[in-house]
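Before any comments, here is the structure.
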Amino acid sequence: MSAYPLVHSHLLVKRLLSLNKPKSLAPALHYVYMVGETVQCRHDTDRELPFRQESNFAWLSGCDVPGSALTIAYEHDGGAEIDPAKVHTTLWLPEIDDAEVMWCGLPPAPEELAKSLHLTSIQNGWTPAALYPPKPHDSALPTIIHTLPTTRPPTSVMASINGPTHSTDYLLKALHEARRNKTPKEVELLRKASEITGGAHRELMRQVGLKSLKSEFEAEADFVSYCIKHGAKNQAYTPIMGAGTSAGTLHYIANDRTFPIGPTLLLVDAGAEYHNYCADVTRCIPLGNGGKFTKECREIYEIVLEMQLKAFEMIKPGADWEAIQRLMHDVLARGLLRIGLFKAGPLGSASEDEVVAKLISEGLTSAFYPHGVGHLLGLDVHDVGGLPEGRSSEPLLKYLRLRVPLEEGFVVTVEPGCYFNEHLFAPHVNSEFVDHALLAKYKYVGGVRIEDNLLVTKNGYDNLTPSWLPKTVADIEALTTGQSS
Ligand code: GLY
Ligand code: MN
Ligand code: MN
């Protein structure tokens, strides 16, 4: 059974029952009770905030109707085997409210939704009382109601047959684990988000090359406009349009400055959301200099590109994300040594390996590359399930958002970077491992990040970020100097 999104309920029930063994393998009626997002207003006004379905609910229901609910009933015989045919998933649409219809129109009818959403059933007009667990065939069978920690089943439901037990212990964890491995339909939606995102980045590069944009906010408007025109009304996160030194702030979202007069780079980290699925892509575009990278911009850019390509070589099932992160520091250290920004200093004629180890342990690479190499991507830009044991406290790893070995079906971002951020560098202003005079000449570069979105496949990966989105210096310059279109 692979119908969307019904297959997600099967995956969830499987995960749910594999948690807390052997208790969970005993016979029981498992009843999942979920309430979707409602329309919220700003503080004490009636100004509506943009509606976005809660991601776990979206994953299970595929439904964007505010105020819906979802239940899954599974009468489990016991043991490790799950019978998908016995997983009953019901989507419950909200009751029709006349005033709501007047302002916002009629919600879709169940028959309409059933054309694209495959569930066991879609019902109209739920009330908490309508969501009673079904009576199990064996009345002695215990009923376990699973909810998210934020959702309490109404007492009327709890007063149901055979005194059900309420548990918030497993559902969220099961959802996080189940959402990690993307299903074919999810990959299709992620690919579409990436395709629109690739188009928006390419168009923005072209416009910067044509000098039709003069500011970070015009760049944001250009990007968002392209996405909306191509079917993606929402962004996966607030776009980052950092020109020059703005790019040294990792999540710079003010986007309110005009482009600097002198040549530098525009760091664009932006992605469309398509049917709630995210893209998260970063490219850097030369500003000024006739559409070409300056020497310093090119050198830093090529080091970051080398980091990314070295990371790509390691992406396959079983790969250790922490090892990839450590490799990024190694490649960066060697790159900055090569261009003379780092130096052996007091280590004199020590081997390059020894110098690299020292640069990393001194925190010098972290001063230029402070974040993680990437994260899971899905219904959330920093998707769930990457940190079952929490974050690492180790300096090189502390911002990693993924600490489980890669598996087929994971979608990850790979986003190394190199930034000139005075605050990050402050502890090293007197470091003997840095050529400070040379460093001063690179500061205008601001920051470089290169980010693609990869699906982990059986033998390696499939890059969802379109290959026609320029990434090498030559391909970017061809577009920004008008040699290609
Ligand atoms: N766009 C946020 C990130 O790259 O994680
Ligand atoms: Mn990003
Ligand atoms: Mn990212």
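Just so you know, ligand 1 is whichever comes first in the structure, and atom 1 is the first atom listed for that ligand.
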Identity of the N, O or S atom of E451 lying closest to the Mn ion (ligand 3): OE2

Of the N, O or S atoms in E415, the one nearest the Mn ion (ligand 3): OE2

Salt bridge present between E313 and K310 (N-O < 4.0 angstrom): no

Side chains of Y461 and E408, donor plus acceptor under 3.5 Å: no

Shortest-distance N/O/S atom, D280 versus the Mn ion (ligand 3): OD2

Within-shell test, D280 vs ligand 1, heavy atom, strictly < 4.0 Å: yes

Check against side-chain hydrogen bond (donor to acceptor under 3.5 Å, both in side chains), R391 and Y399: CA-CA 7 Å; R391 287 183 189 264; Y399 294 114; over 6 Å; no

Ligand 1 contact by H375, heavy-atom criterion under 4.0 angstrom: yes

Ligand 1-proximal atoms of R449, by part, heavy-atom distance under 4.0 Å: neither

F223 and H201 aromatic ring geometry - parallel, tilted or perpendicular at 30°/60° bounds: perpendicular

Atom 4 (O) of ligand 1 - nearest protein heavy atom and its distance: E415 OE1, 2.9 Å

Identity and separation of the nearest protein heavy atom to atom 5 (O) of ligand 1: H382 NE2, 2.7 Å

Closest protein heavy atom (residue, atom, distance) for atom 2 (C) of ligand 1: H251 NE2, 3.5 Å

Atom indices of ligand 1 within 4.0 angstrom of Y237 heavy atoms, with elements: 1 (N)

